[in-house]
Amino acid sequence: FKQKTAYEISACLVGSEMCIRDRNIEKQKIQIVKDYDPSLPLLEIDRALISQVFFNLATNSIEAFKKKNISGKITIRSRVAYEVYINNRKFKTACQIDFIDNGPGIPDDIIDSVFFPLVSSKEIASGLGLSIVKGIINQHGGSIDCSSDETGTTFTILLPISEINFEKTTRKEGING
């Protein structure tokens, strides 16, 4: 993959959201709620790959709504998470991105294997989407988890924030004095 560059994660989220809106979600009455933390520091990421992750996650939610022919809501939230473990390593700070939908949920029989290749609840699908998503997040030193029930599904991504980028941001915004 391309070399990582410092980017604002919200720019990737907004870019993905624009691609999602092009899919006529208004017709289906799917609402997108943005809850972005403006204080997030820059992240060392491959913007194109991370944008693809966000697009894939939102697309899965939209397709679940369509499959059940229901309207719904997708909330995309970003926050700074403190003192977190990512892949068994402790980080002082990380960027947490949650994709939350109020759709039908992921079937119990596949929830534990959604990130494995060839696993899908769709009738016509390769089953590679979430496997690719996990691979991209892993390439960025991050983690992704999923929880789901009949009230909806949440994908939580954690991406480490370098101490240098975090300190630059907090100093610039006067957070630490």
Cluster link [X] to [Y], ILVMFWY, side chain under 4.5 Å:
| X | Y | result |
| --- | --- | --- |
| Tyr82 | Ile161 | yes |
| Ile45 | Val84 | no |
| Phe99 | Ile110 | yes |
| Leu158 | Ile100 | no |

With sequence neighbours left out, write down each residue that passes side-chain contact (heavy atoms from CB on, under 4.5 Å) with Lys68, or none if nothing qualifies. Ile70, Pro104
Point-to-point distance, once rounded to the nearest 0.5 Å, from [atom1] of [X] to [atom2] of [Y]:
| X | Y | atom1 | atom2 | answer |
| --- | --- | --- | --- | --- |
| Lys67 | Asn60 | NZ | CG | 11.5 Å |
| Lys73 | Phe65 | NZ | CZ | 10.0 Å |
| Lys34 | Thr75 | NZ | OG1 | 12.5 Å |
| Phe91 | Leu159 | CZ | CG | 10.0 Å |
| Cys95 | Leu42 | SG | CG | 11.0 Å |
| Cys146 | Ile157 | SG | CD1 | 11.0 Å |

Heavy-atom closest pair, residues [X] and [Y]:
| X | Y | answer |
| --- | --- | --- |
| Asn87 | Gly142 | ND2-O, 2.9 Å |
| Lys29 | Ser71 | O-CB, 3.1 Å |
| Gly141 | Ile86 | O-CG2, 3.3 Å |

Within the structure provided, determine whether Asp35 and Arg79 are in side-chain contact (heavy-atom separation under 4.5 Å). yes
Below 4.5 Å, heavy atoms only, C-beta onward: do Phe54 and Ile9 meet side chain to side chain? yes
Could you walk me through whether Tyr36 and Ile76 satisfy the side chain to side chain contact (heavy atoms under 4.5 Å, CB included) test, starting with their C-alpha distance in whole Å, then the side-chain angles of each, then the deciding distance to 0.1 Å, before giving a yes or no? CA-CA 7 Å; Tyr36 304 157; Ile76 305 170; 3.8 Å; yes
Taking Ile137 as the fixed residue, which of Ile132, Ile97, Ile50 is the one that meets the side chain to side chain contact (heavy atoms under 4.5 Å, CB included) rule? Ile50
Once salt bridge (charged side-chain N to carboxylate O under 4.0 Å, His left out) is applied, what residue pairs with a partner in residues 132-159 remain, sequence neighbours excluded? none
With salt bridge (charged side-chain N to carboxylate O under 4.0 Å, His left out) as the rule and sequence neighbours excluded, what pairs involving residues 97-111 come up? Arg77-Asp98
Applying side chain to side chain contact (heavy atoms under 4.5 Å, CB included) to Ile74 and Leu57, what does each step give before you reach the verdict? CA-CA 10 Å; Ile74 302 168; Leu57 292 174; over 6 Å; no
Classify the ring geometry of Phe115 against Phe155: parallel below 30°, tilted from 30° to 60°, perpendicular beyond 60°. perpendicular
With sequence neighbours left out, write down each residue that passes side chain to side chain donor-acceptor pair (under 3.5 Å) with Asn138, or none if nothing qualifies. none
Set of side chain to side chain donor-acceptor pair (under 3.5 Å) partners for Asn102, sequence neighbours left out: none
Check against side chain to side chain contact (heavy atoms under 4.5 Å, CB included), Leu49 and His140: CA-CA 10 Å; Leu49 289 177; His140 285 79; 4.3 Å; yes
List for me each residue that meets salt bridge (charged side-chain N to carboxylate O under 4.0 Å, His left out) alongside Asp37, sequence neighbours excluded, and say none if there are none. none
Apply side chain to side chain contact (heavy atoms under 4.5 Å, CB included) to Leu40 and Glu8, showing your working. CA-CA 8 Å; Leu40 279 170; Glu8 286 185 33; over 6 Å; no
